[in-house]
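Only this structure's heavy atoms are used, side chains among them; waters, hydrogens and symmetry mates stay out.
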Amino acid sequence: MEGMELMIPYQRRTQMLQLLEKSEVVSLDDFCKKLQDVSESTVRRDLKTLEAEGQIILLRGGGARLKKGSYEVPMNSKSIKNVNEKENIARYAAGLVKDGESVYLDSGSTVLRMVKYLKHKDITIVTTNAMIFPELQETKLKCFLAGGEINVSSASILGTKTNSDLQRMYFDKAFLGANGFSDKAGISTPDLREAEKKQIVCRNATEAYVLLDSSKSGRNTLSKVFELGEVTIISDKETDMLLASGNYIVAK
C-alpha cells in the first residue's frame with residue numbers, strides 16, 4: 001500500500017480534484033473512503049500540495065473545496081486533468097494544420113499535446129511553450145522559441161521581449177490556451193501579460209483558435225483576452241456557453 005501511494009501521486013491528486021469538481025466540499029473521511037488503499041496521512045499531504053498550488057482551499061476539520069477564480073493552475077497539474085478531452089481537442093486541432101504553414105503554439109497543456117500529431121508535417125512552429133523541447137524529439141519540425149521571461153508555474157514565456165518578437169511574426173494558424181470562458185468575462189486568463197501576448201498573436205494570425213475543454217465553461221479569471229465569440233473555441237463537447245458564443249467547434 002505504501003509503495004503504491006509513493007508511485008502515483010499525480011493520479012491520486014487527479015482523483016481528488018475530480019471528487020471536488022463533483023461536490024462543493026469533500027471531507028477528509030470521504031477522500032479516504034473514495035481513494036482505496038491510501039492512508040489518511042497521504043491524503044493530508046496531497047491536500048496540502050494542492051493547496052500550495054492554489055487549486056483548493058482547506059477547511060477546518062480536514063475538508064476541502066475547489067478554488068475558483070483568478071489563479072493559474074501549475075502546468076504539472078493541468079497536464080493530468082481531463083486528459084481524454086484534451087487529447088481529442090489536440091488531435092482535432094492538429095488536423096487543421098496543412099503542410100507549408102507557419103503555426104503558433106501557445107503555452108498550455110492542451111496545445112502542447114498537439115505536437116505529437118504534427119510531427120510528420122512540413123510546417124514551421126513558433127511557440128512560447130517552455131515545455132515543448134521533449135516533444136520535439138524524433139521529429140523534423142522547424143521550431144522557433146520566442147524570447148522573454150519564463151513563468152515557471154505555467155511553463156509560459158511572456159513579457160515585453162516576447163511581445164516584441166511576436167509583433168514581427170505572422171502565422172497561418174494560431175492555437176491558443178486560456179483558463180476559462182463565460183458570457184461575462186469572455187475568454188480569460190489570470191495574467192495580464194498572457195492576455196496581451198495572446199491578443200498580439202491573434203492579430204497576426206490568418207486563423208486563430210482557442211483550445212478549451214468543457215470544464216472551463218462558465219469560469220472567470222482576471223483578464224479578458226477576447227469577447228466570447230470573437231475567436232473560435234475548440235472544445236470536447238457542446239455547452240450552453242459555447243452555444244451562446246456562436247463560434248465554436250466540437251472536436252470529434
Determine whether more than 12 heavy atoms belonging to other residues, nucleotides or ligands lie under 6.0 Å from atom CG of Asp240.
-> no
Check the pair Asn129 / Val115 against side chain to side chain contact (heavy atoms under 4.5 Å, CB included), numbers first and verdict last.
-> CA-CA 11 Å; Asn129 196 320; Val115 179; over 6 Å; no
CG/Leu112 to CE/Met114 distance, rounded to the nearest 0.5 angstrom?
-> 10.5 Å
Would you say the side-chain atoms of Asn151 and Ser156 include a donor-acceptor pair closer than 3.5 Å?
-> no
Is Ile157 reachable from Leu141 through a run of hydrophobic residues whose side-chain heavy atoms are each under 4.5 Å from the next?
-> no
Go through the steps for Ser107 and Lys197 under the test side chain to side chain contact (heavy atoms under 4.5 Å, CB included), then give the verdict.
-> CA-CA 11 Å; Ser107 56; Lys197 179 179 73 174; 4.1 Å; yes
Do Asn247 and Ile233 pass the side chain to side chain contact (heavy atoms under 4.5 Å, CB included) test, and can you show the C-alpha distance, the side-chain angles, and the key distance before you say yes or no?
-> CA-CA 7 Å; Asn247 188 9; Ile233 293 173; over 6 Å; no
With Phe175, which of Val210, Val103, Asp106 fulfils side chain to side chain contact (heavy atoms under 4.5 Å, CB included)?
-> Val103
Check each of Thr127, Leu176, Asp172 against Tyr104 using the side chain to side chain contact (heavy atoms under 4.5 Å, CB included) test, and report the only one that passes.
-> Leu176
Rounded to the nearest 0.5 Å, what's the gap from NZ on Lys119 to NZ on Lys140? Could you check?
-> 12.5 Å
Evaluate the criterion side chain to side chain contact (heavy atoms under 4.5 Å, CB included) for residue pair Ser215 and Glu85; output intermediate values, then yes/no.
-> CA-CA 10 Å; Ser215 71; Glu85 292 85 349; over 6 Å; no
Is a side-chain donor or acceptor of Glu135 paired with a backbone partner of Arg113 at a separation under 3.5 angstrom?
-> no
Derivation of the side-chain hydrogen bond (donor to acceptor under 3.5 Å, both in side chains) call for Lys86 and Ser109 = CA-CA 8 Å; Lys86 291 178 179 181; Ser109 59; 2.9 Å; yes
Report the residues that fulfil ring-ring contact (aromatic ring centres under 6.0 Å, His included) with Phe31, sequence neighbours left out, ordered by chain and then residue number.
-> none
Check whether any side-chain N or O of Asp236 sits under 3.5 Å from a backbone N or O of Asp213 as a donor-acceptor pair, and report yes or no.
-> no
Go through the steps to decide whether Ser39 and Thr42 satisfy the test side-chain hydrogen bond (donor to acceptor under 3.5 Å, both in side chains), and finish with yes or no.
-> CA-CA 5 Å; Ser39 67; Thr42 298; 3.0 Å; yes
Measure the CD1-NZ distance between Ile123 and Lys142 for me, rounded to the nearest 0.5 Å.
-> 11.5 Å
Side-chain donor or acceptor of Ser164 paired with backbone N/O of Lys161 under 3.5 Å | no
Decide side-chain hydrogen bond (donor to acceptor under 3.5 Å, both in side chains) for Thr189 and Lys198; before the verdict, give the C-alpha distance in whole Å, the side-chain angles of both, and the deciding distance to 0.1 Å.
-> CA-CA 10 Å; Thr189 177; Lys198 296 176 198 300; 5.3 Å; no
State yes or no: do Val126 and Ile200 share one hydrophobic cluster built from I, L, V, M, F, W and Y residues joined by side-chain heavy-atom distances below 4.5 Å, directly or via other members?
-> yes
If you measure from CD1 on Ile249 to OG1 on Thr232, what distance do you get to the nearest 0.5 Å?
-> 5.5 Å
Please answer whether the main-chain N or O of Leu212 pairs with a side-chain N or O of Ser235 as donor and acceptor at a distance below 3.5 Å.
-> yes
Under 3.5 Å donor-acceptor pairs involving side-chain atoms of residues 89-98, not counting sequence neighbours:
| from | atom 1 | to | atom 2 | distance (Å) |
| --- | --- | --- | --- | --- |
| Arg91 | NH1 | Asn88 | OD1 | 2.9 |
| Arg91 | NH2 | Tyr117 | OH | 3.4 |

